[in-house]
Amino acid sequence: MSMLYSEEVMDHFANPRNVGIIEDADGIGEIGNAKCGDIMKMYLKIENNIIVDVKFKTFGCGAAVATSSMATEMIKGKSIDDALALTNKAVVDALGGLPAVKVHCSVLAEEAVKCALADYYKKQGIDHPVIKEAEEIMGHDDEHEHEIPEE
């Protein structure tokens with residue numbers, strides 16, 4: 001397995017950062033992929049437009065866990081605008097690359113961040129373009145009967 005994955009991917013898979021739930025999250029994004037069965041849920045705590053805390057739960061393959069972990073690391077402590085600019089390519093690059101068949105995991109990580117930010121803006125009553133983007137993402141999401149169980 002390690003031949004396919006960079007040391008960085010293996011590290012984030014074996015020791016994922018920011019795993020868990022934020023009970024009083026300001027934004028929650030959940031995204032899934034029916035084809036691969038991966039589900040990601042991201043929780044954001046936001047103060048003064050800064051992501052002061054971020055946690056995630058992922059059910060999926062090693063690459064899904066690693067990309068979720070890396071994405072949370074890349075947005076923690078950053079502004080909302082920085083988080084909105086996060087691309088799946090940036091996540092893949094930060095992980096030292098992914099096998100082509102696993103790149104979709106990084107897309108899920110990007111989408112989970114966007115959906116969590118959209119949820120934040122909705123809760124704030126702010127009409128932000130990311131809300132429409134998240135709705136389009138969720139529109140392509142054909143397996144929403146899979147929910148990550150709350151503990």
Side-chain angles (χ1 to χ4, degrees), residues 5-33 36-100 102-141 144 146-148 150-151:
Y5 293 104
S6 69
E7 282 179 35
E8 196 72 34
V9 172
M10 295 303 288
D11 181 42
H12 276 269
F13 169 62
N15 310 292
R17 286 39 150 201
N18 308 308
V19 174
I21 294 174
I22 299 175
E23 292 297 342
D24 57 344
D26 296 309
I28 301 174
E30 184 169 3
I31 193 85
N33 181 312
C36 62
D38 295 326
I39 310 171
M40 286 180 194
K41 194 163 189 174
M42 208 159 280
Y43 303 81
L44 303 177
K45 194 81 192 139
I46 298 170
E47 287 168 22
N48 302 321
N49 283 333
I50 300 293
I51 296 168
V52 293
D53 198 10
V54 54
K55 298 260 187 252
F56 79 91
K57 290 203 119 173
T58 292
F59 283 81
C61 66
V65 173
T67 53
S68 302
S69 173
M70 180 56 86
T72 61
E73 284 288 275
M74 292 172 80
I75 65 170
K76 195 172 188 175
K78 299 282 193 336
S79 70
I80 290 176
D81 286 342
D82 284 347
L84 284 169
L86 180 74
T87 63
N88 74 293
K89 184 183 183 317
V91 173
V92 171
D93 290 348
L95 285 169
L98 278 175
K102 294 296 181 182
V103 169
H104 69 269
C105 295
S106 64
V107 175
L108 282 182
E110 175 191 332
E111 290 176 347
V113 170
K114 289 202 164 115
C115 289
L117 288 166
D119 183 51
Y120 165 74
Y121 279 120
K122 275 191 212 155
K123 286 178 174 161
Q124 299 295 312
I126 299 167
D127 187 23
H128 190 282
V130 76
I131 294 172
K132 188 167 185 352
E133 197 177 342
E135 283 167 356
E136 285 170 15
I137 291 166
M138 300 308 273
H140 301 183
D141 181 5
H144 227 69
H146 306 305
E147 292 284 316
I148 292 183
E150 294 295 334
E151 298 188 343

[X] side, atom [atom1]; [Y] side, atom [atom2] - distance, nearest 0.5 Å:
| X | Y | atom1 | atom2 | value |
| --- | --- | --- | --- | --- |
| Leu117 | Ile51 | CG | CD1 | 5.0 Å |
| Cys105 | Met40 | SG | CE | 6.0 Å |
| Met74 | Leu86 | CE | CG | 5.0 Å |
| Ile75 | Glu110 | CD1 | CD | 11.5 Å |
| Asn49 | Lys78 | CG | NZ | 15.5 Å |
| Glu73 | Arg17 | CD | CZ | 6.0 Å |

Problem - NZ (Lys123) with more than 12 external heavy atoms under 6.0 Å - result: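 It does: Lys123 NZ has more than 12 such atoms within range.
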
Exercise for the section: Begin with the C-alpha distance, continue with both residues' side-chain angles, and end with the deciding distance and a verdict on side-chain contact (heavy atoms from CB on, under 4.5 Å) for Asp24 and Lys45. Expected result: CA-CA 8 Å; Asp24 57 344; Lys45 194 81 192 139; 3.4 Å; yes

Completion exercise
Contacts satisfying side chain to side chain donor-acceptor pair (under 3.5 Å) that involve residues 83-93 (not counting sequence neighbours) are Asn88-Ser106, Lys89-Asp93

Practice task
Could you go through the side-chain contact (heavy atoms from CB on, under 4.5 Å) check for Ile21 and Lys55 one step at a time?
Solution key: CA-CA 6 Å; Ile21 294 174; Lys55 298 260 187 252; 6.0 Å; no

Exercise for the section: Apply side-chain contact (heavy atoms from CB on, under 4.5 Å) to the pair Val130 and Tyr121, showing each step before the final yes or no. Expected result: CA-CA 8 Å; Val130 76; Tyr121 279 120; 3.7 Å; yes

Between the side chain of [X] and the main-chain N/O of [Y], is any donor-acceptor distance below 3.5 Å?
| X | Y | answer |
| --- | --- | --- |
| Thr72 | Asn18 | no |
| Asp26 | Ile46 | yes |
| Asp119 | Ile28 | yes |
| Ser69 | Val65 | no |

Practice task
Give the C-alpha distance, both sets of side-chain angles, the deciding distance and a yes or no for side-chain contact (heavy atoms from CB on, under 4.5 Å) between Phe59 and Asp38.
Solution key: CA-CA 6 Å; Phe59 283 81; Asp38 295 326; over 6 Å; no

Problem - Close side-chain approach of Thr58 to Met42, heavy-atom, < 4.5 Å - result: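 In short, these two side chains do not touch, never coming nearer than 4.5 Å.
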
Practice task
Taking the side chain as every heavy atom from C-beta outward, state whether Leu108 and Thr67 have any atom pair closer than 4.5 Å.
Solution key: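 No, every pair of side-chain atoms sits at 4.5 Å or beyond.
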
Fill in the blank from the handout: Closest heavy-atom pair, Phe13 versus Ala66, reported as atoms and distance to 0.1 Å, is N-CB, 4.1 Å

Problem - Closest non-hydrogen atom pair, Lys122 against Ile131 - result: CE-CG2, 3.6 Å

Fill in the blank from the handout: Applying side chain to side chain donor-acceptor pair (under 3.5 Å) to Asp53 and not counting sequence neighbours gives none

Handout entry: Pairing of Asp127 and Lys132 as salt bridge, 4.0 angstrom limit
Key =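 Salt bridge flag = no for Lys132 with Asp127.
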
